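Note that the coordinates shown come from a computational prediction; the quantities given were computed from them, not determined experimentally.
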Amino acid sequence: MPEQGPRMNGFSLGELCWLFCCPPCPSRIAAKLAFLPPEPTYTVRESESGPGAPREDEPVAAAGEAGVPCSLHLSERADWQYSQRELDAVEVFRWRTELGSCLGCMFVRCAPGSRYTLLFSHGNAVDLGQMCSFYIGLGSRINCNVFSYDYSGYGVSSGKPSEKNLYADIEAAWHALRTRYGVNPENVILYGQSIGTVPTVDLASRYECAAVILHSPLMSGLRVAFPDTRKTYCFDAFPSIDKISKVTSPVLIIHGTEDEVIDFSHGLAMYERCPRAVEPLWVEGAGHNDIELYAQYLERLKQFIAHELPNS
């Protein structure tokens with residue numbers, strides 16, 4: 001799977017000075033360092049027409065406009081690992097955000113009777129087509145359905161990647177999950193991976209849900225680029241470290257001790273700042289993109305969901 005973390009390395013001193021000083025602009029920092037949308041690995045086709053089916057040539061409609069069901073078509077680069085039966089259990093549609101993007105959304109019925117649904121915000125440099133097989137494998141093993149979405153500018157989602165859009169995107173996904181599928185907040189587990197932890201923490205700081213899972217989280221963009229940064233500056237992007245203290249739901253933090261993209265110190269700091277943190281999972285020897293290959297990853301998720309959530 002492609003590298004999923006924010007791209008922070010490889011800049012010359014001159015580039016860093018331009019990036020942060022001419023002028024210091026959070027949206028510029030975010031766009032330059034964090035977003036690497038891949039060439040789309042899937043397409044969607046509307047299965048019917050009618051009201052509520054947003055098209056690219058339409059005027060911007062109201063936020064939360066519900067799209068009609070679409071058929072999903074995966075390219076070879078999506079690396080689909082299952083049969084047509086599993087693919088038939090994947091529902092895709094489009095949903096508008098309050099900033100006007102039209103998002104590709106995906107609902108994977110891994111466990112039809114399950115109490116919980118993951119609202120999964122994926123990492124960088126991937127889209128829903130590449131993540132689809134992973135969602136089926138993960139959801140079936142931890143007994144959860146999975147709802148996910150592509151950020152603005154990723155996959156079939158319109159718009160451009162930006163920090164503001166990132167927050168609007170997950171807000172729209174939250175409302176789509178609740179209104180389209182009738183899933184109550186107490187049955188939603190917010191799962192963020194790498195750059196996906198940024199909108200996850202933002203949403204969790206404003207809404208209560210069943211639980212939050214932060215997989216390789218970052219404190220802020222500047223702290224990834226410059227590890228010695230000790231405070232949040234006005235031009236910093238993705239200041240999750242300042243929002244985590246407002247999260248009131250139980251939080252499980254997962255991080256590899258040898259993460260080469262987002263240093264392990266980020267996960268540790270987020271854990272120490274989080275008021276509702278449960279026992280974290282520090283995966284000894286794991287990097288940024290291979291935590292899922294370690295047996296303790298699934299074991300810890302199963303334990304957390306089955307035994308550590310309220311009324312579980």
Side-chain angles (χ1 to χ4, degrees), residues 1-2 4 31 34-82 84 86-109 118-136 145-177 179-181 191-196 199:
M1 184 174 293
Q4 296 183 350
F35 299 115
L36 293 171
E39 192 70 25
T41 65
Y42 71 103
T43 58
V44 296
R45 298 174 188 167
E46 294 174 1
S47 54
E48 60 182 281
S49 61
R55 302 184 303 272
E56 294 302 325
D57 57 349
E58 284 182 339
V60 174
E65 179 180 321
V68 298
C70 301
S71 57
L72 173 66
H73 301 267
L74 300 172
S75 73
E76 290 185 1
R77 292 186 299 107
D79 193 24
W80 176 249
Q81 300 172 15
Y82 296 92
Q84 185 63 42
E86 285 82 8
L87 191 61
D88 291 341
V90 178
E91 181 179 344
V92 292
F93 61 96
R94 294 175 184 270
W95 195 271
R96 288 197 185 277
T97 76
E98 63 179 6
L99 297 183
S101 295
C102 188
L103 304 183
C105 297
M106 175 179 287
F107 189 80
V108 186
R109 299 181 187 276
L118 300 184
L119 198 173
F120 200 109
S121 299
H122 60 66
N124 204 354
V126 294
D127 65 10
L128 291 178
Q130 292 164 293
M131 294 298 294
C132 190
S133 291
F134 173 75
Y135 291 153
I136 290 177
N145 294 313
V146 180
F147 180 88
S148 191
Y149 62 101
D150 265 333
Y151 311 123
S152 297
Y154 283 64
V156 300
S157 296
S158 65
K160 295 182 178 180
S162 71
E163 185 174 11
K164 286 184 178 180
N165 269 335
L166 209 59
Y167 303 141
D169 294 345
I170 196 172
E171 179 90 20
W174 167 263
H175 289 298
L177 177 59
T179 59
R180 187 181 181 95
Y181 297 101
Y191 190 122
Q193 180 176 7
S194 187
I195 191 65

Grab the two heavy atoms, one from [X] and one from [Y], that are nearest each other, plus how far apart they are.
X	Y	result
C132	V90	SG-CG2, 4.0 Å
C102	S158	N-OG, 2.7 Å
T43	V156	CA-CG1, 4.2 Å
K160	N165	O-ND2, 2.8 Å
S101	G159	OG-CA, 3.9 Å
M106	L72	CE-CD2, 4.0 Å

Please tell me if the side chains of [X] and [Y] come closer than 4.5 Å, counting only heavy atoms from C-beta onward.
X	Y	value
Y151	S121	yes
L177	W95	no
D150	H122	yes
Y149	Y154	no
Y82	L87	no
C70	E46	yes
S148	L128	yes
L103	S152	yes

- [ ] Supply the atom-to-atom distance C105 SG to D169 CG, rounded to the nearest 0.5 angstrom.
- [x]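 The SG atom of C105 sits 9.0 Å away from the CG atom of D169.
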
- [ ] Report the distance from atom CZ of F107 to atom CG of L119, rounding to the nearest 0.5 Å.
- [x]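 Spacing of CZ (F107) from CG (L119) equals 10.5 Å.
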
Task: Residue Q84 excluded, over 12 heavy atoms near CD under 6.0 Å - done: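 Yes, because the 6.0 Å sphere around CD of Q84 holds more than 12 heavy atoms from other groups.
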
Open item on the list: Below 30° counts as parallel, above 60° as perpendicular, anything between as tilted: where do the rings of F120 and F134 land?
Closed with: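 It falls in the perpendicular class, over 60°.
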
Task: From CA spacing to verdict: side-chain contact (heavy atoms from CB on, under 4.5 Å), Y42, M131 - done: CA-CA 11 Å; Y42 71 103; M131 294 298 294; over 6 Å; no

TODO: Given side-chain contact (heavy atoms from CB on, under 4.5 Å), test L166 with F35 step by step and report yes or no.
DONE: CA-CA 10 Å; L166 209 59; F35 299 115; 4.1 Å; yes

- [ ] Indicate yes or no for a side-chain donor-acceptor contact from R77 to the backbone of E39 under 3.5 Å, with no hydrogens or angles considered.
- [x]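 Confirmed, R77 side chain pairs with E39 backbone.
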
Task: S157 (side chain) donor-acceptor with G104 (main chain) under 3.5 angstrom - done: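 The answer is yes, because a donor-acceptor pair under 3.5 Å joins these two groups.
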
Task: Partners meeting side-chain contact (heavy atoms from CB on, under 4.5 Å) with P40 (sequence neighbours left out) - done: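 By the side-chain contact (heavy atoms from CB on, under 4.5 Å) rule, P40 matches D127.
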
- [ ] Using side chain to side chain donor-acceptor pair (under 3.5 Å) as the criterion, point out the one residue from E171, K164, E163 that pairs with Y167.
- [x]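 Result for side chain to side chain donor-acceptor pair (under 3.5 Å) with Y167: E163.
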
Task: Quiz item: cation-pi between R180 and F93, 6.0 Å / 45° - done: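 R180 over F93 ring: yes.
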
